[in-house]
Protein chains: 2
Amino acid sequence: MSTRADTWSASQYRLFEDERNRPIADLLAALPPFAAPNAIDLGCGPGNSSELLLARYPGARLSGIDRSPDMIAAARKRLPAVAFEIGEVESWSAPGPYEVILANAVLHWLPDHERLFPSLAARLPRGGALAVQMPDNLEEPTHRLMREVAARLHPQIARQADATRTTLGTAADYYRWLRASCRRVDVWRTTYHHPLAGGVRGIVEWFKGSALGPYLTPLDASARASFLEAYAEALAPHYAPLADGSVLLPFPRLFIVAVR
Amino acid sequence: MSTRADTWSASQYRLFEDERNRPIADLLAALPPFAAPNAIDLGCGPGNSSELLLARYPGARLSGIDRSPDMIAAARKRLPAVAFEIGEVESWSAPGPYEVILANAVLHWLPDHERLFPSLAARLPRGGALAVQMPDNLEEPTHRLMREVAARLHPQIARQADATRTTLGTAADYYRWLRASCRRVDVWRTTYHHPLAGGVRGIVEWFKGSALGPYLTPLDASARASFLEAYAEALAPHYAPLADGSVLLPFPRLFIVAVR
């Protein structure tokens, strides 16, 4: 999901679906068992997280929202039986209750987590679970350099694009914010190391489907190409090719499971 | 497992079994499916990892080794049908082949990973998997302060005890060392955040069952008590109690799954 519907391409996002599904599977594995929960997939993207949620809870009554029409169209095509709607997490107000609230790779686009997280947990019935996964990579070279290249080439766009991502709290922050209303709060941070073919070009392709969106959308085709060229050049010294020509992309993610 | 059989108490180790089982479950979830593999649990401890391995592969023909007689006794009691033997990973030479080689929380006690890891992978048949999890916490306050307190109170013991743990390679190191002979190498690093009751005393109890062993074993009861007192005092400023009196213990662990 994103703050701008038009920065998202379902097809580009799906290019790395295997890698992007791994953290979802890890997140869902930490959830308690439920027989046939009411479940919602907030920021459902093209439906890959919804599919894994259904595999975890085959009897679930599942719905999903995303602000991107392209993503919702892809999700409906993938899972015709699920109620997918265009919608915003901030204004989500379906009555529920939802035994499972999943928010995969979406809440890092939203501000004020100290208020947001407890407000989501408050929608759970007793025993219900909130499951969150967020990229925690703003200080990785991939993202520092994205900001630096943008600041150099397109300072105006850089300022706007930088502001679309929220700086995450610490693990202890989320624990405190949720523990007040939840009986169990499990927080962990995992850095995956994805081998990507094609050297730093592989990294560029990866982030074209996500974090680069807000930087690229305002540019025309030629400016986009120059931006990506400069970005790849900046990445190169930080991601040395391995013997097989691939690079390892370290990708830190923060996970939170809170049971009310 | 440990470099000194007598530093290990199965009962103390089991105090935090839920927390210690979580990384094992996460590790096993990343393994490929096998029908009825020959499997070995290297450094099996009291058999908790073996139990989870059997749950993952119910038809497995499983054996396990550990250098601690106390641990092997506990493992045999837990799983009478499994062939547990006292033995050392370094000199392990059963013919195999083993489709699954599990080494949970043991290889960080052994040196020379650049040689050790490929030598374990070489024991796999094609398609077989090596699964490794190692605490990666030597630079955490828990371990820095353990070394500092020991150096101050018992410098002689500190030097010996410090040397029992191996400094881990980077994720990229393990990837390179294994990728040469394995078709797929998956490396990730997870920091769990365990809420422990009783403030820093909870942390002391945790590590009495593992990392503190080499520091405590050479001491008499009174010197042990003084050591633990000084250690708890040193920990306090780094692990502030939460509203409920517990502390969060961040615990980083490195995971490696290599498929030959």
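In this text, all values refer to a predicted model and were calculated from it rather than measured experimentally. Labels below follow one simple rule: chain letters A, B, ... track the order of the sequence lines, proteins then strands, and each chain is numbered from 1.
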Between B/R184 and chain A, with a heavy-atom cut-off of 4.5 Å, which part of the residue counts as in contact: side chain, backbone, both or neither?
neither

Measure the shortest side-chain to side-chain distance between A/L242 and B/R179 over non-hydrogen atoms and say whether it is less than 4.5 angstrom.
no

Per-residue contact mode, B/A172 against chain A (heavy atom under 4.5 angstrom)
both

Can you name the residues of residues 185-199 of chain A that have some heavy atom under 4.5 Å away from a heavy atom in chain B?
A/V185, A/D186, A/V187, A/W188, A/R189, A/T190, A/T191, A/Y192, A/H193, A/P195

Chain A heavy atoms under 4.5 Å from B/T170: which part of the residue, side chain, backbone, both or neither?
neither

Close approach to chain A in residues 135-149 of chain B, criterion heavy atom under 4.5 Å
none

Given that the side chain runs from C-beta out, which part of B/A30 has a heavy atom under 4.5 Å from chain A: side chain, backbone, both or neither?
side chain

For A/R183, is the CZ atom crowded, meaning more than 12 foreign heavy atoms sit under 6.0 Å from it?
yes

